[in-house]
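These notes concern the structure reproduced below.
Every number for a ligand or one of its atoms is a count from 1 in the order of the listing.
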Amino acid sequence: MTSLATNARATDGTAELDAVIIGAGFSGMYQLHTLRDRLGLSVQVLEAGEGVGGTWYWNRYPGARCDSESHSYCFSFSQELLNDWEWSERYPAQPEIIRYLNFVADRLDLRRDVKFGTRVVAADYDESRNRWDVTTEAGERFSAKYLITAVGCLSTTNVPKFEGLESFAGEWYHTGAWPHEGVDFTGKRVIQIGTGSTGIQAVPVIAETAAHLTVMQRTPQFSVPARNTPLTDEFRRWVKEHYPEIHEVMRGTTNGHSFRIMERNAFDVDDDERMAIYEAAWEKGGLQFRANFKDMLTSKAANDTAAEFIKHKIRQIVKDPATAEKLANIDHPYAAKRPPIDTNYFDTYNRDNVSLVDVRADPIAAITPTGIRLQSGAEHAADIIVFATGFDAMTGSLLRLGITGRDGLTLAKAWEAGPRNYLGLQVAGFPNLFTITGPGSPSVLCNMPVAIEQHVEWITDCIAHLRGHEIERIEARDEASDEWVQQVNEAARATLLPEAHSSWYLGANVPGKPRVFMPYAGGMARYRAICDEVAARDYEGFELN
Ligand code: NAP
């Protein structure tokens with residue numbers, strides 16, 4: 001089997017490669033490293049941004065910080081990278097993560113094979129040549145045997161189509177496409193729409209300098225304090241001495257974090273002990289709150305105990321009873337929507353310059369030259385509007401690549417009724433296309449670097465297998481895809497996750513999007529075992545030829 005050691009160019013100017021990777025975030029960077037430096041393939045990464053970082057390149061909004069703890073939010077495959085990087089805080093802020101990813105890019109010499117400022121607009125599979133032809137917005141063309149999407153799950157911003165946005169005389173920004181030079185809120189009247197993980201991080205920071213911040217909330221959210229803090233030298237030393245144990249926990253748990261989910265159920269303990277457990281977890285802070293009881297996401301009664309505890313905290317913290325009620329009036333199970341963690345979020349509503357508007361009760365009717373008008377006719381003035389309105393999650397970034405597989409089948413057509421694939425990795429009708437952290441894989445239900453490393457390594461081993469056995473093509477089988485979709489649905493149904501009807505996990509935040517629970521909820525450890533088993537059985541469920 002021949003490999004194109006260096007990028008060849010066809011006479012029409014098309015760059016001929018072994019693999020094209022779309023995206024240079026965590027996943028694209030690692031995939032480039034494994035295919036180029038372990039397998040010796042010629043690889044080109046195409047990246048729309050002007051630097052590495054993916055989601056962290058774009059999401060520079062005030063307060064942007066990771067909810068995974070820093071020592072678990074990094075690559076684990078290289079001891080050298082682990083040894084030579086020091087995190088400064090319990091949760092890394094966006095600038096520190098970007099510094100980290102640039103450090104990785106330098107160490108692994110990745111940038112020479114990344115073309116920045118390059119947006120892919122089409123990728124067509126040519127069966128006769130068994131190649132993917134990739135076209136960019138600027139009209140450049142690349143041809144490769146393998147096409148790997150590394151576009152992230154939350155990369156396509158969702159700006160709701162409010163009437164009148166173009167008439168707004170002030171400035172407006174989406175948090176997921178934040179200006180690099182930042183936004184000065186000093187003395188400004190700001191409206192923020194959205195109270196998901198992003199909005200909850202941004203509110204306290206914007207409130208510090210804005211003249212007034214009006215938060216427009218549609219769905220109230222549970223949030224637990226993050227309790228961010230600088231890391232001590234002692235903790236950093238402990239982490240460096242215990243990587244094998246830390247990584248064993250991360251790879252062995254349902255959600256890829258560095259803490260274990262407790263073995264007990266919520267009603268294994270009495271009410272007093274349960275309250276003491278929740279109090280201690282509230283003080284400790286972080287996503288670990290949901291790991292207190294193993295039935296938190298499977299038993300409504302268990303979940304209610306956590307939900308009531310958090311609602312009580314909200315009512316205690318927020319002094320104005322009407323505001324507290326709007327914030328605590330949460331109608332989904334705790335953690336059934338992705339649970340945010342925060343720094344002073346609820347307390348910020350005690351400031352004189354912050355107000356909360358319930359836009360579920362009184363929806364946004366239009367954006368006007370001076371602000372936002374609600375259906376009741378109430379007007380709210382603004383100099384700046386911040387859209388913390390989330391993303392066309394999981395499928396949006398894949399669909400906008402313009403992918404067309406065999407016989408002219410577009411991905412948009414194949415996924416008309418929602419994403420259908422095998423293991424979240426491959427789509428029937430799209431040979432040699434791999435989707436890192438695609439829908440149908442644990443992805444967003446897992447600490448992302450753990451999910452990414454597992455996918456990248458599986459794809460790398462798979463491509464090595466194909467090359468070692470002179471196999472030209474791998475493609476998901478139809479029956480295997482149907483069975484997998486069923487397994488994804490069953491895994492979700494075994495939890496309380498689908499009960500959050502407004503969740504982006506279900507596509508509910510984007511009008512017209514099919515309502516399908518997209519990530520695989522069976523847990524990272526189980527998923528890893530399934531993928532390993534499939535590979536060991538000679539890629540069962542895939543057609544190899
Ligand atoms: P999100 O969770 O989808 O939240 C968007 C918010 O905007 C929701 O409150 C939503 O209300 C609201 N909204 C959307 N359309 C609206 C409309 N037409 N009118 C009024 N309100 C509207 O998005 P996100 O906060 O950007 O977070 C997305 C995901 O990114 C998170 O769940 C998390 O996985 C990830 N994230 C991670 C971190 C981290 O690790 N630190 C930080 C930020 C984000 P509804 O709920 O009613 O739709």
Side-chain angles (χ1 to χ4, degrees), residues 26 54-56 58-70 72-73 89-94 96-97 152-163 165 174-178 191-203 214-223 226 228 255 257 286-287 327 330-332 335-343 345 356-367 372 374-375 385-394 396 437 443-449 451 497 500-513 518-519:
F26 266 96
T55 197
W56 299 105
W58 301 103
N59 283 269
R60 295 166 187 252
Y61 60 85
R65 188 179 288 283
C66 185
D67 290 346
S68 297
E69 296 191 36
S70 51
S72 66
Y73 197 76
E89 294 180 273
R90 180 176 177 189
Y91 306 97
Q94 180 272 341
E96 190 168 22
I97 303 174
C153 300
L154 296 155
S155 309
T156 301
T157 54
N158 167 43
V159 178
K161 293 184 177 49
F162 295 122
E163 185 193 315
L165 178 56
H174 188 285
T175 49
W178 202 256
I191 294 178
Q192 179 183 305
I193 307 171
T195 55
S197 297
T198 300
I200 280 175
Q201 287 186 330
V203 160
T214 304
V215 181
M216 298 200 164
Q217 168 191 273
R218 186 163 70 180
T219 304
Q221 262 278 30
F222 294 103
S223 185
N228 185 39
N255 51 26
H257 286 283
L287 291 173
L327 290 163
I330 308 171
D331 61 0
H332 57 270
K337 283 183 88 142
R338 156 67 153 81
I341 58 173
D342 71 90
T343 301
Y345 174 64
L356 180 68
V357 174
D358 178 353
V359 295
R360 178 179 277 175
D362 189 1
I364 295 170
I367 297 187
I372 293 185
L374 304 182
Q375 275 181 10
I385 300 176
V386 174
F387 287 86
T389 44
F391 302 88
D392 181 354
M394 309 212 63
T437 65
S443 61
V444 291
L445 298 178
C446 181
N447 180 26
M448 285 306 292
L497 292 165
H501 300 295
S502 65
S503 163
W504 60 257
Y505 292 152
L506 279 163
N509 62 326
V510 176
K513 192 166 170 169
M518 294 182 284

among protein heavy atoms, the one nearest atom 44 (C) of ligand 1 is Thr198 OG1, 3.4 Å

among protein heavy atoms, the one nearest atom 20 (C) of ligand 1 is Ile193 CG2, 3.7 Å

For Ser70, the side chain to side chain contact (heavy atoms under 4.5 Å, CB included) test, sequence neighbours excluded, returns Trp87, Pro92, Leu231

shortest atom 9 (O) of ligand 1-to-protein heavy-atom contact is with Thr195 N, 2.9 Å

Of all protein heavy atoms, the one nearest atom 10 (C) of ligand 1 is Arg218 NH2, 4.4 Å

the protein heavy atom lying closest to atom 12 (C) of ligand 1 turns out to be Gly194 CA, 3.7 Å

In this structure, atom 41 (N) of ligand 1 is nearest to the protein heavy atom Arg65 O, 2.3 Å

Atom 31 (C) of ligand 1 has as its nearest protein heavy atom Ser197 OG, 3.6 Å

Ranking Ala500, Ala388, Pro339 by closest non-hydrogen atom to atom 6 (C) of ligand 1, top hit is Ala388

Out of Arg338, Gln221, Lys161, the nearest non-hydrogen contact to atom 38 (C) of ligand 1 is supplied by Arg338

Looking only at non-hydrogen atoms, the one of Gly196, Ala226, Ala202, Pro363 nearest atom 4 (O) of ligand 1 is Gly196

Closest to atom 2 (O) of ligand 1 by heavy-atom distance, out of Trp504, Tyr61, Tyr73, is Trp504

of all protein heavy atoms, closest to atom 23 (O) of ligand 1 is Gly390 CA, 3.1 Å

| said: Could you check whether any side-chain N or O of Asn228 sits under 3.5 Å from a backbone N or O of Tyr91, counting only pairs where one atom can act as donor and the other as acceptor? | reply: yes

